[in-house]
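Below is one structure, written out as structure tokens, with a few remarks after it.
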Amino acid sequence: MHFQWYPGHMTKAKRQMQEDIKLVDLVIELVDARVPLSSRNPDIDELGKHKFRLILLNKADLADERQNQAWAAYFRGKGFFVVELDARRKNAMKTIQNTILDACREKIERDRRRGIKNRPIRAMVAGIPNVGKSTFINTFAGKACAKTGNKPGVTKGKQWIRLNKNVELLDTPGILWPRFEDQEVGMKLALIGSMNDELLNLDELSLKLISFLKEAYPGALADRYQISEEREQAADILKEIAENRNCIRAGGELDYSKAASLVIDEFRSGVIGRITLEWPEQEEKETDETGQR
């Protein structure tokens with residue numbers, strides 16, 4: 001399966017971001033805590049290289065808690081400010097507000113020396129589709145000021161949101177990069193829902209997920225679906241899930257596609273457990289082996 005999805009409006013969005021970046025002090029980048037590297041657009045690093053940077057590990061409640069801590073340490077080691085959060089809840093918003101002020105302290109002090117008072121920090125909210133940017137903005141602002149949706153690509157235009165006297169946010173459409181050099185990245189993005197499911201082979205995608213879970217989170221599938229994980233082939237495990245969950249077509253045949261969708265949906269919703277698909281220790285090992293990322 002070849003993963004590729006880059007709607008035409010994203011090319012326009014990238015050009016707009018190149019213009020808008022001149023207007024902001026800080027780039028707030030949301031990533032999915034289950035795939036913190038794969039859900040980062042490398043274009044954003046280039047666009048924001050002269051700006052203060054904050055990474056929000058969103059959907060941290062769905063990710064492996066131990067790996068959340070490891071990824072936070074990983075990004076802080078590279079000079080980013082980092083906050084873990086579930087964008088649907090308000091409990092992290094005060095921490096984010098304080099972190100924004102901390103990240104932009106140099107700018108605030110510079111304004112103060114120049115006699116400039118009460119000029120708000122302007123921050124761009126960026127990220128690939130479906131990482132929760134609009135949900136974060138709505139929760140942070142305390143009102144439905146940014147359109148939200150559970151499908152990638154809902155946010156189409158730009159809008160400024162005044163949060164308080166200290167911070168203004170610029171929402172931007174989610175953008176992917178034109179092609180994935182590493183198809184593993186595409187596979188992970190497909191699993192978390194950053195691509196249109198209608199363009200994907202969900203049967204094949206579920207087998208990739210089952211193979212990963214069997215190796216990295218042994219027992220997770222067995223506990224959820226009351227099956228044995230001793231089978232070597234992911235297809236055999238999917239068959240057993242279909243049998244146990246009564247995924248049957250008219251005529252009595254097993255409905256593998258229904259079982260595949262079930263496994264993917266329950267991974268995405270966290271029902272199978274708190275799962276992280278990539279770990280910092282793996283990234284560091286690959287970097288050591290190849291000399292690059």
Side-chain angles (χ1 to χ4, degrees), residues 24-41 44-45 48 51-105 121-150 152 154-155 161-164 166-172 174 188-189 191-194 267-271 273-280:
V24 304
D25 309 297
L26 170 73
V27 176
I28 300 174
E29 182 184 357
L30 273 83
V31 302
D32 191 304
R34 296 167 295 179
V35 286
L37 282 187
S38 293
S39 60
R40 295 197 67 222
N41 184 339
I44 295 174
D45 271 345
K51 304 295 178 178
F52 302 113
R53 302 293 303 278
L54 168 60
I55 286 183
L56 301 182
L57 290 168
N58 191 28
K59 306 185 183 181
D61 57 306
L62 299 176
D64 185 331
E65 186 173 6
R66 181 181 58 181
Q67 298 303 328
N68 287 344
Q69 296 170 0
W71 278 115
Y74 173 89
F75 286 122
R76 289 186 183 111
K78 295 188 176 298
F80 294 95
F81 288 81
V82 184
V83 177
E84 303 168 34
L85 81 154
D86 170 1
R88 300 167 300 176
R89 302 182 182 277
K90 295 182 179 181
N91 57 347
M93 297 306 154
K94 184 174 182 181
T95 299
I96 293 171
Q97 171 82 17
N98 292 337
T99 304
I100 289 173
L101 297 177
D102 194 21
C104 296
R105 191 166 305 282
I121 294 166
R122 299 190 113 186
M124 173 184 286
V125 181
I128 69 169
N130 214 32
V131 291
K133 297 185 305 300
S134 296
T135 300
F136 158 67
I137 290 172
N138 290 343
T139 303
F140 201 6
K143 57 185 177 181
C145 54
K147 188 177 180 183
T148 62
N150 59 4
V154 168
T155 306
I161 298 99
R162 182 70 178 263
L163 296 180
N164 50 48
N166 295 318
V167 180
E168 290 181 353
L169 296 182
L170 174 62
D171 189 19
T172 60
K188 293 171 185 174
L189 293 179
L191 280 171
I192 65 168
S194 285
F267 157 71
R268 289 175 178 171
S269 64
V271 173
R274 297 181 64 169
I275 307 294
T276 299
L277 297 179
E278 55 191 15
W279 302 352

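Predicted model only: the values in this text are computed from it and were never measured.
When side chains are defined from C-beta on, L85 counts as touching F136, because their heavy atoms get closer than 4.5 Å. Put simply, the side chain of D61 reaches to within 4.5 Å of the side chain of R88, judged on heavy atoms. Side-chain contact between P36 and Y74 is absent, with no heavy-atom pair separated by less than 4.5 Å. I275 is not listed as a side-chain neighbour of L62, based on a closest heavy-atom distance of 4.5 Å or more. The shortest distance between side-chain heavy atoms of R274 and N68 falls below 4.5 Å. Two residues are said to be in side-chain contact when any heavy atoms from C-beta on lie closer than 4.5 Å; V27 and F80 fail this criterion. Looking at heavy atoms from C-beta onward, M124 lies out of side-chain contact with L169 at the 4.5 angstrom threshold. Two residues are said to be in side-chain contact when any heavy atoms from C-beta on lie closer than 4.5 Å; F81 and I28 fail this criterion.
In this structure, NZ in K94 is found 12.0 Å from OG1 in T99, a value given to the nearest 0.5 Å. Taken to the nearest 0.5 Å, the CD atom of E84 stands 11.0 Å off from the CD1 atom of I96. Atom CG of D86 is separated from atom OG1 of T135 by 9.5 Å, given to the nearest 0.5 angstrom. The distance from the CD1 atom of I100 to the CZ atom of F52 is 13.0 Å, given to the nearest 0.5 Å.
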Test E65 against Q69 for side chain to side chain contact (heavy atoms under 4.5 Å, CB included), laying out the working first.
CA-CA 7 Å; E65 186 173 6; Q69 296 170 0; 4.2 Å; yes
Walk me through it: do I192 and N130 pass the test side chain to side chain contact (heavy atoms under 4.5 Å, CB included)?
CA-CA 9 Å; I192 65 168; N130 214 32; over 6 Å; no
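For D25 (side chain) and R122 (main-chain N/O), a donor-acceptor pair under 3.5 Å exists by modelled atom type. When atom types are taken as modelled, the side chain of S38 and the backbone of K188 share no donor-acceptor pair closer than 3.5 angstrom. In terms of modelled atom types and a separation under 3.5 Å, the side chain of R89 and the main chain of N91 share no donor-acceptor contact. At distances below 3.5 Å, not a single donor-acceptor pair connects side-chain atoms of N58 with backbone N or O atoms of L30. At distances below 3.5 Å, at least one donor-acceptor pair connects side-chain atoms of T139 with backbone N or O atoms of A87.
Using a 4.0 Å cut-off between charged nitrogen and carboxylate oxygen, D64 and R34 do not count as a salt-bridge pair.
The only option from I161, L170, I137 that meets the side chain to side chain contact (heavy atoms under 4.5 Å, CB included) definition with V125 turns out to be I137. The only option from T276, V31, I55, V82 that meets the side chain to side chain contact (heavy atoms under 4.5 Å, CB included) definition with W71 turns out to be T276.
Residues passing the side-chain hydrogen bond (donor to acceptor under 3.5 Å, both in side chains) test with D45 are R40, R53, sequence neighbours excluded. By the side-chain hydrogen bond (donor to acceptor under 3.5 Å, both in side chains) test, N166 pairs with no residue at all, sequence neighbours left out. Taking the side-chain hydrogen bond (donor to acceptor under 3.5 Å, both in side chains) definition, one finds that R76 meets it with nothing, sequence neighbours left out.
In plain terms, the two heavy atoms of A123 and V24 that are nearest each other are C-CG1, 4.2 Å. Annotation for K59 and D32: closest pair CD-OD2, 3.4 Å, computed over non-hydrogen atoms. The two atoms that bring C104 and L26 nearest to each other are SG-CB, 3.8 Å, heavy atoms only. For the pair F140 and M93, the tightest heavy-atom approach, listed with the atom from each and the gap, is CE1-O, 3.6 Å.
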